[in-house]
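A quick write-up on the structure given underneath.
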Amino acid sequence: MILIAVFSFFAEFTFWGEFESRFNFIAVDYLIYTYEVINNINESYPLPYLIVGVVAITVTILLIIIRSGSFSDSFRSNTRFRFRITHSVSMWLVIAIYAMAIDNSWAEKSENRYQNELSKAGVYSFFSAFKNNELNYQQFYSLLSDEQAFAITRDLLKTSGSSFIGSTQSIRKKVTATPGLQNSPNVIMIVLESFSADFMGKFGNEQSITPVLDSLADQSLFFTNMYATGTRTVRGMEALSLAVPPTPGNSIVRRKNNKQLSTIGSIFANKGYKTTFFYGGDGYFDNMNQYFGNNGFNIVDRGRKLAIGDDYKTDRKRIANSEVNFENAWGISDEDLYGAVIKDADAKFSAKQSFYNFVMTTSNHRPFTYPKGKIDIPSGLNRDGAVKYTDYAIGQFLKKARTKPWFSNTVFIIISDHCASSAGKNEIDVDKYHIPAMIYNLPGASPSRVEKVCSQIDLYPTLFSVLNWSYTNNNYGLNVLDSNYTPRALIATYQKLGYMRNDSLVILSPRRKVESFYYNRSSNEQYPQKVSDQLIKEAISSYQTAYHLYSKGGLKK
């Protein structure tokens with residue numbers, strides 16, 4: 001305890017000197033990116049001397065306490081159990097009240113940010129940041145006036161056939177379809193865990209580990225330049241369910257105040273669809289069940305039974321042991337998960353119910369284990385085997401689906417949540433965001449390649465355009481097939497926010513730092529380069545308004 005107190009005392013001075021703030025999500029971020037951060041600190045400060053100093057101070061304080069006799073008095077004390085338990089429970093009760101009921105934002109009563117920060121306690125601020133999972137954009141990033149930011153954002157999101165509704169500090173808009181038939185197929189979206197574009201032969205891989213996906217790409221609306229918004233599964237879920245830019249800190253999936261949002265699922269629900277989230281592991285992990293359950297999705301997962309404290313009101317089914325043939329630490333095999341999806345689709349078809357399924361896989365994840373005898377790479381050997389099994393399982397799923405009466409009226413989306421080997425990076429490496437995406441069995445559309453640079457958030461606006469849907473939405477996605485679409489992608493870490501348009505890249509960082517680069521796609525290199533003020537304003541506006549809407553409740557239905 002002395003060591004923690006001494007370390008945090010000196011760490012707060014250093015952190016304040018860098019960010020002019022008490023501990024916040026950046027400090028939490030440092031625990032996530034330990035390797036990069038320790039190297040950075042070691043290069044910036046005399047770390048060995050600092051560690052020796054902290055340990056020396058700790059030992060000195062400890063010796064003073066020992067020599068004062070405080071420990072001996074405590075150990076010899078014959079205090080009654082009732083007295084001890086009363087004081088212990090009282091202290092833990094106070095801690096619990098603080099942790100659950102006292103928000104760190106209560107200190108923010110002044111219009112002077114420094115006064116607000118000085119009113120806080122550093123260690124308490126650290127745990128508050130860990131709990132809330134966000135970094136305040138307004139405090140740490142470059143800003144425009146809210147009026148200017150929303151004006152620029154609305155101009156970026158304005159498309160033919162759409163009109164904004166509501167206040168000027170909103171992006172809510174109504175999209176009106178062209179006169180003609182509206183298609184209403186079932187939709188099954190398969191989100192592949194940690195699946196980089198360069199795993200596929202279509203992107204130059206010569207190992208032949210994705211024959212099914214390579215074949216499907218030729219039969220689909222195939223996006224060749226789509227980029228994930230982040231480096232974690234929950235960030236991919238956020239992009240694919242909300243279609244908003246990634247705000248600093250953790251994904252909205254893991255934050256507070258994420259109930260009753262205007263999601264992609266709510267658009268389907270308004271069309272009469274039943275929406276379901278499928279997960280092969282325990283949906284309690286990363287707050288998935290709470291997020292999807294509180295936003296209108298039924299849940300099918302492998303996790304524990306509904307427990308006290310699960311406040312979402314939804315149907316939830318646990319995949320039974322009898323339906324599982326293989327399971328590892330992360331969850332059941334993709335084949336077993338797809339079995340649950342097909343079973344559910346059969347039931348919905350029998351009940352004449354349209355369905356939209358969000359299916360999250362787990363097989364392409366360390367320890368890379370899967371059922372034996374399925375592919376020619378031994379289970380648990382390496383990621384190549386996991387990728388090949390992931391591909392194989394999709395092939396088996398579609399083979400079974402084609403025998404079903406609902407297949408002809410079902411669209412299959414196959415997309416990655418994020419790239420492999422990217423979750424430990426706090427710098428933006430553009431190539432580590434490039435993911436595969438395809439829409440298969442799309443009614444009234446011939447197979448084609450979409451070469452334009454785009455983002456995960458653009459997937460559903462593009463699909464809805466092809467289906468000729470009219471709907472109201474509150475998202476940042478754009479129809480990539482629109483002739484007026486200007487290629488752009490939003491990519492981020494927990495701290496750094498990237499905005500890429502063609503070969504120009506703007507990166508926003510804490511301390512209101514703005515950097516710009518030329519991005520050489522062929523060599524995956526970034527060179528410092530001045531870009532237009534307009535591009536910088538577009539980057540700031542996109543992220544500033546997204547944070548504003550989330551923090552002010554503007555993403556609600």
Side-chain angles (χ1 to χ4, degrees), residues 185-195 228-230 232-244 251-254 258-303 312 314-317 319 331-332 334 337-345 347-348 353-364 390 393-394 397 401 410-418 435 437-440 456-464 473 475 477:
N186 306 306
V187 177
I188 298 176
M189 178 172 66
I190 300 170
V191 183
L192 305 178
E193 169 66 42
S194 306
F195 206 95
T229 60
R232 285 289 312 278
T233 295
V234 284
R235 190 63 90 183
M237 288 180 169
E238 172 190 85
L240 293 169
S241 63
L242 284 174
V244 297
S251 165
I252 291 173
V253 173
R254 295 193 60 189
N258 62 4
K259 302 177 182 178
Q260 301 301 312
L261 301 178
S262 178
T263 65
I264 298 300
S266 64
I267 295 174
F268 278 100
N270 290 336
K271 297 285 186 181
Y273 286 67
K274 286 290 185 183
T275 60
T276 307
F277 171 63
F278 290 83
Y279 183 53
D282 189 341
Y284 178 77
F285 178 72
D286 264 347
N287 205 46
M288 295 179 193
N289 283 355
Q290 285 283 351
Y291 172 76
F292 283 100
N294 281 319
N295 285 290
F297 284 77
N298 295 326
I299 294 167
V300 178
D301 75 337
R302 179 60 177 156
Y312 48 89
T314 187
D315 291 334
R316 179 163 181 253
K317 297 177 183 177
I319 300 172
I332 62 177
D334 287 358
L337 177 63
Y338 296 146
V341 174
I342 286 179
K343 180 180 178 181
D344 182 84
K348 296 276 179 35
Q353 173 64 60
S354 299
F355 55 86
Y356 165 59
N357 295 335
F358 190 122
V359 184
M360 185 70 230
T361 69
T362 60
S363 287
N364 189 34
T390 296
I394 290 174
F397 169 59
T410 301
V411 169
F412 298 85
I413 299 171
I414 301 173
I415 189 171
S416 174
D417 57 352
H418 61 88
I435 59 172
M438 60 190 79
I439 305 176
Y440 170 68
Q456 277 173 318
I457 67 175
D458 300 318
L459 176 71
Y460 281 99
T462 303
L463 173 64
F464 295 152
N473 72 90
N475 65 58

Set out, in order, the CA-CA distance, both residues' side-chain angles and the distance that settles side chain to side chain contact (heavy atoms under 4.5 Å, CB included) for Ser194 and His418, then state yes or no. CA-CA 5 Å; Ser194 306; His418 61 88; 3.3 Å; yes
Before giving the answer on side chain to side chain contact (heavy atoms under 4.5 Å, CB included), spell out for Phe358 and Thr275 the whole-Å C-alpha distance, their side-chain angles and the decisive distance to 0.1 Å. CA-CA 8 Å; Phe358 190 122; Thr275 60; over 6 Å; no
For Val253, does its backbone N or O pair with a side-chain atom of Asn258 as donor and acceptor, under 3.5 Å? yes
Which atom of Pro185 lies closest to which atom of Tyr273, heavy atoms considered: O-OH, 2.6 Å
If you look at every heavy atom in Ala228 and Asp417, which pair is closest and at what distance? CB-O, 3.8 Å
Separation between CZ of Phe292 and OG1 of Thr276, rounded to the nearest 0.5 Å: 11.5 Å
Does the side chain of Val359 reach to within under 4.5 Å of the side chain of Leu337, using non-hydrogen atoms? yes
Looking at Ile415, Ile413, Ile457, which hits side-chain contact (heavy atoms from CB on, under 4.5 Å) with Leu240? Ile415
Taking every non-hydrogen atom, the tightest pair across Ala239 and Thr229: CB-OG1, 3.6 Å
Ring centre gap for Phe268 and Phe464 strictly below 6.0 Å: yes
For a 4.5 angstrom cut-off between non-hydrogen side-chain atoms, does Asp286 reach Arg232? yes
Between atom CG of Asn357 and atom CG of Asp344, what is the distance when rounded to the nearest 0.5 Å? 5.5 Å
Sub-3.5 Å donor-acceptor pair from the side chain of Ser266 to the main-chain atoms of Ser262, do we have one? no
Run through Thr362, Thr233, Thr390 and flag the one making a side chain to side chain donor-acceptor pair (under 3.5 Å) with Glu193. Thr233
Looking at side-chain heavy atoms only, is the closest gap between Asp301 and Arg316 below 4.5 Å? yes
Are any non-hydrogen side-chain atoms of Val341 and Ile190 less than 4.5 angstrom apart? no
Locate the shortest heavy-atom distance separating Leu242 from Ile264; write the atom from each residue and the value. N-CG1, 4.5 Å
Nearest atoms (heavy-atom pairs only) where Asn475 meets Asn473: N-OD1, 3.2 Å
Has the side chain of Gln353 got a donor or acceptor atom that lies under 3.5 Å from a matching backbone atom of Gly272? yes
Looking at CG of Asp282 and CZ of Arg302, how far apart are the two atoms once the value is rounded to the nearest 0.5 Å? 10.0 Å
Just verifying a value: how many Å separate Asn289 CG and Phe297 CZ, rounded to the nearest 0.5 Å? 12.0 Å
In Å, rounded to the nearest 0.5 Å, how long is the span from CZ of Phe412 to CE of Met438? 13.5 Å
Any side-chain heavy-atom pair of Met189 and Leu459 under 4.5 Å: yes
Judged by atom type as modelled, is there a donor-acceptor pair below 3.5 Å linking the side chain of Gln456 to the main-chain atoms of Ser416? yes
Looking only at heavy atoms, what is the nearest atom pair of Phe278 and Ala340, with distance? CE2-O, 3.8 Å
Could you walk me through whether Ile188 and Phe355 pass the side chain to side chain contact (heavy atoms under 4.5 Å, CB included) test, one step at a time? CA-CA 8 Å; Ile188 298 176; Phe355 55 86; 3.9 Å; yes
Looking only at the aromatic ring of each residue, does the gap between the centers of Tyr338 and Phe397 stay below 6.0 angstrom? yes
Enter the distance from Thr410:OG1 to Tyr356:OH here, rounded to the nearest 0.5 Å. 14.0 Å
Listed partners of Asn295 passing side chain to side chain contact (heavy atoms under 4.5 Å, CB included), at least two apart: Leu261, Thr263, Tyr291
